[in-house]
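This report refers to the structure that appears directly beneath it.
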Amino acid sequence: MFAVTALLALASSALPTVLAHGGVLSYSNGGKWYEGWAPYNTPTGQSTIQRSWSSYNPIQDATDPTIACNDDGTSAPLQLTATVAAGSAITAYWNQVWPHAIGPMLTYLAQCPGTTCTGVSASTLKWFKIDEAGLLSGTIYDGQWGDGQMIADNSSWTTTIPSTVPSGNYLIRFETIALHSMPAQFYPECAQIQITGGGSLAPTAAELVSFPGAYTNDDPGLNIDVYSNAAQAQTTYVIPGPPLYGSAAASSAPAPPHSTASVPVSSASSTATHPNSSSAPLPSSSAVAGTVAEYGQCGGTGFTGATACVAPFTCTALNGESAFLCQDSD
Ligand SMILES: *[C@@H]1O[C@H](CO)[C@@H](O)[C@H](O)[C@H]1NC(C)=O
Ligand SMILES: *[C@@H]1O[C@H](CO)[C@@H](O)[C@H](O)[C@H]1NC(C)=O
Ligand SMILES: [Cu+2]
């Protein structure tokens, strides 16, 4: 009798936690279905394209040593690798129904040295972001997010392997970040893929990051209280991590942030001191005595705040033209 009661108590305390979290349980690509790693089964004999992971619990530290591919993210003795054509769609499926609708969706690739990713530590790789979805509409507080779209889409996320990515062996890292509580919750899982028929556009240095390393706990898109008064009015959100793969090539001559009549100070003075503004060098925001701190927002659609960064940071476009942040220019 005691044993039954104790078991019931255990079950009722453990179950809600498990149901409230989770991760990527399977994948599909090119009509093929790939079961993922089963974190609550014995590792012995498991053979999947997914890297091993051990718990439905989120990572809650942006610098956690296992933030690349979740704990522990190693390849298994019977590790598989999926062959995936460049330009094809790959879908990751989370447990049904994913519970967290507030936060961004992100997808990364990292190329492995040599002829396989098996045995390669995820934390030694350089990652680039191929897909992201942050605040899609509305406010931080009650708007539509990438995470909500993932839930609406059968608790799954489909991304396309860019046709420009060089062929080779990669880890693909699907991540959902939940912002409904602080600190932010990270749910990353990785799978091994071999990309075939790829292109020749290597990611730039600025697009490559390490995990841990790509995020800090102070990132404006992570250290965020979605219930604050500010969040209830805020319609912009800065997705964490590096600029998207290909964004440097797409905008090799980066434009300054949308300057409007409400932010005339630097552009007006630079026009005045350079009679030929078209041939004069672009005003460097780091030359102005700015007020916006590193990683502070300094521009973007609908943004009306200060636009000049403190030295030595420059106001840099993120995510296409949706937001600008004060960042190190190298
Ligand atoms: C929804 O996802 C489940 C896996 O979680 C999958 O078995 C099912 O086929 C998916 N449904 C559709 C319509 O894609
Ligand atoms: C300045 O602009 C004028 C008119 O467009 C042009 O004729 C002149 O060559 C320019 N001077 C310089 C230094 O670019
Ligand atoms: Cu959860």
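Please read these numbers as outputs of a predicted model, since none were measured by experiment.
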*asked:* Check for me, please, whether Ile193 and Leu80 land in the same ILVMFWY cluster - side-chain distances under 4.5 Å, paths through other members count.
replied: yes
*If you measure only the distance, is there a donor-acceptor pair under 3.5 Å linking the side chains of Gln194 and Tyr170?*
no
_Distance flag, aromatic centroids of Tyr237 and Trp145, threshold under 6.0 Å_ = yes
*Do the non-hydrogen side-chain atoms of Met182 and Asp225 ever get within less than 4.5 Å of each other?*
yes
*Can you label the angle between the His100 ring and the His21 ring as parallel, tilted or perpendicular, going by 30° and 60°?*
tilted
*asked:* Strictly under 2.5 Å separating the two SG atoms? Check that for Cys315 and Cys309, please.
replied: no
*Check the side chains of Lys129 and Thr107 for a donor-acceptor pair under 3.5 angstrom, ignoring hydrogens and angles.*
no
*asked:* Could you check whether Tyr245 and Thr164, counting side-chain N and O atoms only, form a donor-acceptor pair closer than 3.5 Å?
replied: yes
*Taking atom types as modelled, is there a side-chain donor on Thr74 or Asp72 under 3.5 Å from an acceptor on the other?*
yes
_Tyr40 vs Trp53, ring-ring contact (aromatic ring centres under 6.0 Å, His included): CA-CA, chis, key distance, verdict_ = CA-CA 9 Å; Tyr40 292 100; Trp53 53 296; 7.8 Å; no
*Is the closest side-chain donor-acceptor distance between Thr66 and Asp71 under 3.5 Å?*
no
*For Ser155 and Asn95, what are the C-alpha separation, side-chain angles and deciding distance, and is it a side-chain hydrogen bond (donor to acceptor under 3.5 Å, both in side chains)?*
CA-CA 7 Å; Ser155 298; Asn95 38 303; over 6 Å; no
*How are the rings of Tyr93 and Trp33 set to each other: parallel, tilted or perpendicular (split at 30° and 60°)?*
tilted
_Testing the 3.5 Å rule here: is there a donor-acceptor pair between the side chains of Asn217 and Asn223?_
no
*Between the side chains of Thr48 and Tyr34, does any donor sit under 3.5 Å from an acceptor?*
no
*If we only count heavy atoms from C-beta on, is the Phe211 to Leu125 side-chain gap below 4.5 Å?*
no
*asked:* Pair Tyr56, Tyr187 - check ring-ring contact (aromatic ring centres under 6.0 Å, His included), show working.
replied: CA-CA 8 Å; Tyr56 276 13; Tyr187 298 90; 9.3 Å; no
*Kindly say whether Val24 contributes a backbone atom to a donor-acceptor pair with the side chain of Glu189 at under 3.5 angstrom?*
yes
*What heavy-atom pair brings Gly246 and Leu201 nearest, and what distance separates the two atoms?*
CA-CD2, 4.4 Å
*Rounded to the nearest 0.5 Å, what separation is found between the CG atom of Leu208 and the CG atom of Leu109?*
11.0 Å
_We want to know whether Thr176 and Asp147 form a side-chain donor-acceptor pair, criterion being a heavy-atom distance below 3.5 angstrom._
yes
*asked:* With a sphere of 6.0 Å drawn around CD of Gln46, does it hold more than 12 non-hydrogen atoms of other residues, nucleotides or ligands?
replied: yes
_side-chain hydrogen bond (donor to acceptor under 3.5 Å, both in side chains) between Gln192 and Thr118, worked out_ = CA-CA 8 Å; Gln192 290 193 193; Thr118 300; 3.1 Å; yes
*asked:* If we count only N and O atoms by modelled type, under 3.5 Å, do the side chains of Trp98 and Gln96 hold a donor and an acceptor together?
replied: no
*Under the criterion side-chain contact (heavy atoms from CB on, under 4.5 Å), which of Leu135, Leu106, Asp219, Leu244 is the partner of Ile239?*
Leu106
*Please identify each residue that fulfils salt bridge (Lys or Arg N to Asp or Glu O under 4.0 Å) with Glu175, with sequence neighbours left out.*
Arg173
*Decide whether Leu136 and Met150 are clustered together by the hydrophobic rule: side chain heavy atoms of Ile, Leu, Val, Met, Phe, Trp, Tyr closer than 4.5 Å, transitively.*
no
